[in-house]
Amino acid sequence: MDNLTPKQRKRNMQNIKSKDTEIEILLRHELWRRGYRYRKNDKTLPGTPDIVMPKYNIVIFCDGEFFHGKDWEVLRPKLMKSNNSDYWISKISRNIDHDNEVNKALLFMGWTVIRFWGNDIKKDIEGCVKVIEETILDLKILESDYK
């Protein structure tokens, strides 16, 4: 990992935001530019989704790789060798479990859940929007089949 002092680490951690992050803003701007309307950080839904598209019953989460455990089988052994490893392994494991519980609750309520990794949004915003648009199309086709 890095060689920050405890004071520097604390300041760094305090600056990590939970909403209106760079990745959320990037995705929201692109959706808005294409004419998609949404709500942000809807507290009435489990997990307070970053983007909610009520018209399509879609919720979108923009997850940071570290805190949400991307490639957990690779990250976990690295964390075991780091400072405060018990804390971080426990925290990220809880986050992964919480994300799964939120997904299940939202699916049970009839929402379609989409999760993007932050780096995927940064590197391929076009691909992320395509996933959303394909999901909307799939939902429209499914809806028309039931009419």
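The shown structure was predicted, so the numbers you read here are calculated from the model rather than taken from an experiment.
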Is there a side-chain contact between H68 and I96 in this structure, where contact means two heavy atoms from C-beta onward sitting under 4.5 Å apart? no

Closest approach of [X] to [Y] (non-hydrogen atoms, all atoms of both residues):
{"X": "W72", "Y": "S93", "answer": "CZ2-OG, 3.4 Å"}
{"X": "N57", "Y": "G110", "answer": "ND2-O, 3.1 Å"}
{"X": "C62", "Y": "D50", "answer": "N-OD2, 2.6 Å"}

Answer with yes or no whether the hydrophobic clustering places [X] together with [Y]; edges join I, L, V, M, F, W, Y residues whose side-chain heavy atoms lie under 4.5 Å apart.
{"X": "L107", "Y": "I58", "answer": "no"}
{"X": "W117", "Y": "I23", "answer": "no"}
{"X": "I51", "Y": "I114", "answer": "yes"}
{"X": "I136", "Y": "I121", "answer": "yes"}
{"X": "L106", "Y": "V52", "answer": "yes"}

Out of R115, M53, K40, which one pairs with I60 under the side chain to side chain contact (heavy atoms under 4.5 Å, CB included) rule? M53

Out of L26, L31, I25, which residue meets the side chain to side chain contact (heavy atoms under 4.5 Å, CB included) rule with R28? I25

Look at the side chain of [X] and the backbone N and O of [Y], then say whether any donor-acceptor pair between them is shorter than 3.5 Å.
{"X": "E65", "Y": "N119", "result": "yes"}
{"X": "N95", "Y": "G69", "result": "no"}
{"X": "E143", "Y": "L139", "result": "no"}

Mind checking the [atom1]-[atom2] spacing from [X] to [Y]? Nearest 0.5 Å is all I need.
{"X": "F116", "Y": "D63", "atom1": "CZ", "atom2": "CG", "value": "10.5 Å"}
{"X": "K91", "Y": "H98", "atom1": "NZ", "atom2": "NE2", "value": "10.5 Å"}
{"X": "K140", "Y": "T135", "atom1": "NZ", "atom2": "OG1", "value": "12.5 Å"}
{"X": "D71", "Y": "F66", "atom1": "CG", "atom2": "CZ", "value": "13.0 Å"}
{"X": "F61", "Y": "E24", "atom1": "CZ", "atom2": "CD", "value": "10.5 Å"}

Can you name the residues that form a side-chain hydrogen bond (donor to acceptor under 3.5 Å, both in side chains) with Y56, not counting sequence neighbours? none

Set of residues satisfying side-chain hydrogen bond (donor to acceptor under 3.5 Å, both in side chains) with respect to R33, sequence neighbours excluded: E30

Going by side-chain contact (heavy atoms from CB on, under 4.5 Å), name the residues that satisfy it together with W32, two or more places apart in sequence or in a different chain. R37, Y38

If the condition is side-chain contact (heavy atoms from CB on, under 4.5 Å), which residues does L137 pass it with, not counting sequence neighbours? I141

For R94, is there an ion pair with D97 - N to carboxylate O distance below 4.0 angstrom? no

Extract all donor-acceptor atom pairs below 3.5 Å that involve side chains of residues 122-131 and protein atoms in other chains or at least two apart in sequence.
unit_1: D124; atom_1: OD1; unit_2: G127; atom_2: N; d: 2.9
unit_1: E126; atom_1: OE1; unit_2: R34; atom_2: NH2; d: 2.9
unit_1: E126; atom_1: OE2; unit_2: R34; atom_2: NH2; d: 2.7

Pairs involving residues 104-113, ordered by first then second residue, that meet side-chain hydrogen bond (donor to acceptor under 3.5 Å, both in side chains) (sequence neighbours left out): none

